[in-house]
Amino acid sequence: MNSLYLFLFPLALSGMAYLSGKKAALQQILALAGLLGSGALLYLANSRGLSDQQVNYPWITSLGIHFSLEINGLNFWFLALNALVCFIALFYHINQASKNLRPDVVVLIFGVQAILNGVFMAQDLMLFYFLFEASILPVYFISSRYGSPAAERATLKFFLYTLFGSLFMLLAILYLYAKSGANDFLFSSLFADNLPAETQGWLFLAFFLAFAIKMPLFPFHSWQADAYAESPVESTILMSGILLKMGIYGMLAIVLPHFPQGVTDYGHIFMGLSAFGVVYGALIAMVQYDFRRVLAFSSLSHVGLIGCGILAYSDVALEGVILQMFAHGVNIAGLFVVSELIASGAGTRDLDQMGGLSRQSFGLTVFFFIFLLGSIAVPLTNGFPGEFQLLMGLFGYNIYLGIFCGLTVIFSSVYMIRLFQKSMLGLETDGRAAFPKLNASQTFSLFLLAALVLGLGLYPQVISRISNSAVQVLLRAY
Amino acid sequence: MNQIPEIIRVVPVNHYVLLASVIFSIGILGVLTRKNAIIIFMSVELMLNAVNLLFVVFSAYKSDPAGQVFVFFIMAIAAAEVAVGLAIIVMIYRRMRTTDVSLLNSLKG
Amino acid sequence: MDVYFFLAKAVIILLIFGITLLIATYSTYAERKVAAFIQDRLGPNRAGPWGLLQPIADAGKMFFKEDFIPANASKWLFIAGPSLAMLTACLTSCVIPFGGTLDLSFLGISELVPVQGIDVNIGILYVFGLVSLGVYGVMIGGWASNNKFSLLGAIRAASQNISYELAMSLSIIAIIMMTGSLSISQIVADQDSFYKWNVWRQPVGFIIFLVCAFAECNRTPFDLPECETELIGGYHTEYSSMKLGFYLFAEYINMFVSSAVISALYFGGYHFPGESLVAGLMPAGALGHNLLTLMGILVFFGKILFFIFFFMWVRWTIARFRYDQLMNLGWKSLIPLSIANILVTGVIILFLNS
Amino acid sequence: MQLTSRAKRVSNKKLSLGERLYLPAIVGGLGITIKHFFRKKVTINYPEEQRPMSSVYRGLHVLKRDEEGRERCTACGLCAVACPAEAISMVAAERKPGEEHLYREEKYAAVYEINMLRCIFCGLCEEACPKSAIYLQSDKLAPSFFDRSDVIYGKDRLVQSMETIKTAKSLKSGLTTSDRYVDKVFKDGKY
Amino acid sequence: MVLNLFYFLSFLAILSAIMVVVSKNPIHSVLYLILTFFTLSGHYFTLNAQFIGVVNLIVYAGAIMVLFLFTIMFLNLKDDAFTGSRVWFNLSAVLLVLVFAGILVVKIIPAQIGVASEMEFNSQIGMVENLGTTLFQHFLVPFELVSVLFLSAMVGAVMLGRREKGEKNF
Amino acid sequence: MLSITILSVSGLVLLFVGFLNKISLSRSLAVAGLGLALVALFYGNQNVLIPADMDTQLSFDGFALKFSALILVFAIFIVFLSGQFLRKEFVQSAEFLAVTTFSLVGALMLTSFTHMITLFVGLETLGISLYILAGTDKKSNASNEASLKYLLMGAFATGLILFGMAMIYGATGLLDFQAIAKSSKDSLDSGLFQIGVFFLLIGLLFKVSAAPFHFWSPDVYEGSPNVVMAFMAVVVKIASFAALFRVFGHYFSGFSFLWWDIVYYACLASLIAGNFLALIQKTVKRQLAFSSISQTGYLLFAILVMKGNMALDGLVFYLFVYGCSILVAFSVITDWFGTRSDITLDELKGASKKDDFGAFALTLAYLSMAGIPITGGFIGKLFLFSPAMEAGLVQLLIAGILSSVVGAAYYFRPIIHVWFSAGQPVIEKERNHQWIAFLGGAMLLVSGLFPDTISRLIAMM
């Protein structure tokens, strides 16, 4: 039952947020409740045994669509990350905009949380698709409404791209449905029998397209930088922190186990492309002058690595994928929060006009540095074990590819250090207003993230213990 | 009285169908090429008449009254349509002083 | 069906045609005479005894006048107008049964020959069809003249004819319901005794029909299409010579046909009171039959002549309507009345049948 | 204010149903006209028949001669002066010796013309004439014209013809209209 | 004899139908259309469908076309106003229709169309009694519903054609 | 049949009530009549006034009931929407409402015909009433023109349909669809039958404005008064699809080899033409018109599939959702812009600042038309796509999917304008039809989140 609660709980919070209107304190409590509640639910689920948590109700009877949710080893950490990232986004928003709080943003973020929980837990392919598409809407609205003037265009681009991809997924789902002859969309019945190789090929392509656009992997990424740069930071956090994880989850839950033939046929092509994306993203990130664009391209680079890892389908790599997925979510959320705090303090996002901030806000500098380390995957931070395992998997798959992707370790440190240098170090720019100090709740949220960065770097097994079995299941198809 | 009329014995029904089709095509041609709304409307009447001819012919050759009853309906309804249509054309002419459809361009189409 | 039958038919049709023309011709004379008499005058009396040659003189005058076609008129249509008017007027009389049947066995014709042009089973519809076409002559002529007054007259004529045609056909429907046939000869045959005349059974229908007949013929009080004070001459303003003659002539033919239709539909056609009595007095065989038919024909013509007279009589009694009054009468009185008439007739028929 | 007893008041009352049917009124009208149909006709077939004319009728003009056949007119012009329509014109001339049997006085009208389109047949010329020369006949009508040149009556058509002098009738026609009126009044005894 | 009559009527029908479309003057179009109706009525008469033939004349020639004529005269439409070149459009329309008619002809000529046999043939079906029986026994409901259509058309025609307050033109 | 009778009578009554010249009274009477007809549809004895043995050429089977109910429900709301139009622009309210009611008689006939005569009479009753309705805004040139264009094209299409019917009659000697469906093989093989089916199909495609026979509809939609356009987009679309489905999806499904390809390409063309042309439109109504063409394309899927209740219920569901969207969009637009019919997209800018509820409802409507989840539009598309997939129409589905991405691009333009664009709102806010927007929006959400409630209702009928 916890799976259902996990879906309904944020929804309920969303309703309460709507009712509580502009009262920042109340909203803050709700946000905390969201984090703690979700955490508690997950913890309980884990302690009582994940397999007991599924629910299955008929939803659209004429097509046999079920409202079927389940918590398992694969989605557990996605759910956890979801709770965390949404909490960060919410907390940031409530804090930052406490003077003119926008209740609709809070409502929508809770909505996103609920929908994403649904996506990760869905065991009915149509339900998955439904929530998968529905998840874009709230983010789209936040981005377009409160983004910069150019956000309209950028977010519409984001919307149309993802819609384009996911409609092919719909086609593939319908095909599967028509093919299976079973009158429902449950994973178990749609993927019951082995599909012929040729069919697997194009089904793979259809699903892969949807998820690759969402992540985004290299050739499908062109919406990303604009959307990240022009949206308000809340939705950027959501997009980078958790929305793109849907793509990863989809790859893991659907593509990898069910279309092995497709993966073997086409996987190497996309692997090559996303490996190229890894380097490409890193190189572009080095020359960007917009704080957020640097982060956007770094994200492209990291996600490319994750994509490679997925397609490499070895147990090491998949372990790494899940670790890196979680780590990336934490890091990127932290970095975006920091970047926004810097930008709002500096009054600009242009790196050339920053500098010397470390002298004004020591706390921020520390947090920035911690997330930076995590992002570069320095040992003892959370980025390290994941990236290490990913690279290992890639070396196992193909040594040249491994070497090529390994470059990212160097490149990421280059652009990250550049970022740090340009903003924090160096000379102070003249005539800037005093930099605001971090307040308590900002410190709290950043501290939470920083703790995770360091904690998971020290003790990554907590993640792999739960996900290990799931990874083994995934690999059974090969 | 049940003898078949001479015309039905002499003229193959296909001739009639051809005739009707040709008239129908001429009607379509009128609708497509003319610009005057009234003439377009008349071309439509021409088409309807071709259809009437078809129905009567089939009805006579097949000895089935339903076809002729259908013709009856077509005529009645065509009359109603003409009444409404001409009212519309008069209304248009009153405002725009023309019935030329190519001049009616307040809607871009 | 032998040759003689056709010949006899041909003769009858020719006769009917001739008589139609003759009566129409003399209607012009009668018109003037009746007008004169009603106005306490003598009327034409110079050409021939009692002026009987007057119509011929008029016709001669018409023929020899200058035939003028206006410069901007549409030439063909200008000529087509009066021709059409004349054509439709002349075609109508061939379905009217002027008498019973003739026994022409002495000519070798075995069948009885009805004194009727053609006995179609939809005679009434035929009449209406032609009446509705009659408008074209007027409209085309009026339009082709390229003259505002002509056009206005033509449009008036057309709208008047269309409006009254409706009430007219509706009033007929009651009769058709009673008779169960569209054939005029059938309707006449149905009124074989005096008390069965439709005028007694359908008084309202008769009045409606009569009024509409006046309007259809453009006779006073409905002669607005050619009302001089407003429209000079109406649709035939630009016409002269025999083309004008055709229009006028067509009007008289229409009057004749209307009278014939009224007599046939409502006054028993060639039947007359005491017919059976007379039939008993007649010698047996072909001669008696033919004599009786002949009497019928005479009676029928008597009725027709009376109605022609009635047309003229009314002309000098009632003043011309105004145009809106005309339309109001047609649409707001006659049509509802005739529909009500149909309903009542239907109810009565149902009641009688059950 | 009632000016005349023949004025009829118009009533605008609503027509009753019977009246609105019009049929009774129409039948009534038909009755009236058919009555006229059979009435005696009032037409007079003119050339063949003529209406009896009153003795005081003012018809076509005549220029009188006296008992000996001499023209009475002396061209004094009083008739032209009296004529309200200015229809009369004349040219005077002196009587030459040897013409005494033609003209009664020394002065006579060489030209005497009446424009019959102008003349209104009022008879004032007759009243004005001191010589009893011009009269309006009671038994002759001015004919209709087909040509404008026929309209002006000269002496050729106005002067009394010689034959009529002899007859007794001429005396009678020598009376002016007013004389004839007086005669008629006495004859009818309506005075 | 009958065959010739058929060909004559058909020739006339097609000719006048073409003239309807080609005539410059709308009045001429109307008159040619009436002529077409006459020829079609002629066909109906020869096919023993007298009632439909006469009704065709009464309804089409007698009522509908009078309305057309009336409107055209009323609006005083003379010739088509020539507005720009539509030659290519017209040519392509003609071509299209020709192709279309060609396809029809090709389809129709070889078509086997069922005809009633001598035994079951009834030459009286075009008579009023037969049509009336069919109409009022089998098609009474649609017949009644047509009245709804008429009412609607009547209301609409009056509503649209009526002059509003303040409109000056006729 | 009873409903048809009720509608006819209530139309008549409306005409007489028109003498009182009270718009609200007429309107409530019209609603009462429609409601009564709706009730009679389910609870009345359909043949109450007709002898039992009489063939009415109409059959109120389950199919007809579904569509008729849909038509009547939407018509009621559209009558409510018409109030402002009647008050502000147009005095002859009784006539307007009466003609609307009469047109519904035609619409109901189109859902229930079994015979060519009833199909034809229904088409024309609906058609002629619509020509009139399109021209009711006599003061506007656009309305007049729309009326004329609709008339000419409608009459032309009627001609085509009749030609088709005549040819089918010639081939089979039958006018009854059921009998035709059962008629012998050799009569169906004749060229005449092929021509007949072809023309009947083309004519009906004209009526549903499927590309490439769509060119009249944008003009007509744009020119007509707003409420009439809503009526056309909803009620008329439902009725003509009912007719198309009844003929081809039902009676003629046995000889799909004759018509299937044409519908296929028409579907493809509608999807492409509708969506791509809608991209470049500048006015709200014209955009909706092109979107309606593309919706026609989606709806044609149901006819291509033509088997089972699945496609039928999907069609009904989709029509229901589409109707709700149009209804919501028009109620909001009427609230914002009154009866103006030339609203450009730019005028929507910033509208949410003045009326966020309206903006929300409008957004829902457009999302639903775009087929985005949580609205009914998505479920509707799913219902249409999934049988199509089962029938193996993969290429067509790909076209459908690509075009719905294009569709989303233009459906989002009004949404963006309403919410995100900077700009002073030019709207005037009235709250006359908020309840319609609320109800419609709620229906869109309910059908998007709990589609079973709706589809069970549909299946029950």
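The sequence lines fix the lettering, A, B, ..., with proteins before strands; numbering per chain opens at 1.
Heavy-atom pairs under 4.5 Å with chain E were tallied for B:Val22, B:Ile28, B:Asn52; the largest tally goes to B:Asn52. Contact tally against chain E (heavy-atom pairs below 4.5 Å) for B:Ile89, B:Ile40, B:Val31, B:Ile77: the top residue is B:Ile77. Contact tally against chain E (heavy-atom pairs below 4.5 Å) for B:Leu18, B:Val13, B:Val17: the top residue is B:Leu18. Note: B:Phe73 leads B:Phe58, B:Phe24, B:Phe73 in heavy-atom pairs under 4.5 Å with chain E. Across E:Val59, E:Leu104, E:Leu131, the residue that shares the most heavy-atom pairs under 4.5 angstrom with chain B is E:Leu131. Heavy-atom pairs under 4.5 Å with chain B were tallied for E:Tyr44, E:Phe150, E:Phe37; the largest tally goes to E:Tyr44. When B:Leu48, B:Ile23, B:Leu86, B:Val84 are compared by the number of non-hydrogen pairs under 4.5 Å with chain E, B:Leu86 comes out ahead. No other option in E:Val20, E:Val30, E:Asn130 has as many heavy-atom pairs under 4.5 Å with chain B as E:Val30.
Heavy-atom distances place both the backbone and the side chain of E:Phe143 under 4.5 Å from chain B. Residue E:Leu98 does not touch chain B at all, counting heavy-atom pairs closer than 4.5 Å. E:Met65 touches chain B through its side chain: at least one heavy atom from C-beta onward sits under 4.5 Å away, while N, CA, C and O do not. Contact annotation for B:Tyr61: both backbone and side-chain heavy atoms come within less than 4.5 Å of a heavy atom of chain E. For E:Ile108, the parts sitting under 4.5 Å from any heavy atom of chain B are the backbone and the side chain alike. With a 4.5 Å cut-off on non-hydrogen atoms, E:Thr36 touches chain B through its side chain but not through its backbone. Residue E:Val158: no heavy atom, backbone or side chain, is found under 4.5 Å from chain B. With a 4.5 Å cut-off on non-hydrogen atoms, E:Phe139 touches chain B through its backbone and its side chain both. Heavy-atom distances place no part of E:Ala63 under 4.5 Å from chain B, backbone and side chain included. For chain B, the nearby parts of E:Val94 are the backbone and the side chain; heavy atoms of each come within less than 4.5 Å. Of the two parts of E:Ile18, the backbone and the side chain both hold a non-hydrogen atom closer than 4.5 Å to a non-hydrogen atom of chain B. Heavy atoms of E:Val146 lying under 4.5 Å from chain B belong exclusively to its side chain.
Counting heavy-atom neighbours within 6.0 Å of E:Phe70 CZ, excluding the residue itself, gives a total above 12.
Ring pair E:Phe6/B:His15 is tilted by interplanar angle, where 30° to 60° counts as tilted.
Of the residues E:Val54, E:Val55, E:Leu57, the one that meets the side chain to side chain contact (heavy atoms under 4.5 Å, CB included) test with E:Ser41 is E:Leu57.
Across all non-hydrogen atoms, the minimal contact from B:Glu45 to B:Ala78 is OE1-CB, 3.9 Å. Nearest heavy atom pair, residue B:Ala83 against residue E:Ala157, reads O-CB, 4.0 Å. Nearest heavy atom pair, residue E:Ser29 against residue B:Ile39, reads OG-CD1, 4.0 Å. Residues E:Ile27 and E:Met73 share a closest heavy-atom pair of CD1-CG, 4.0 Å. In this structure, B:Asn14 and E:Ile109 approach most closely via the heavy-atom pair ND2-O, 2.9 Å. Looking at every heavy atom in both residues, E:Thr39 comes nearest to E:Ala13 through OG1-CB, 3.3 Å.
At a threshold of 4.5 Å between non-hydrogen side-chain atoms, the residues B:Asn49 and E:Asn56 count as touching.
Aromatic pair E:Phe68/B:Phe41: centroids less than 6.0 angstrom apart.
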Item to check | Intermediate values then yes/no, side chain to side chain donor-acceptor pair (under 3.5 Å), B:Asp64 and B:Ser59 | outcome: CA-CA 5 Å; B:Asp64 170 30; B:Ser59 157; over 6 Å; no
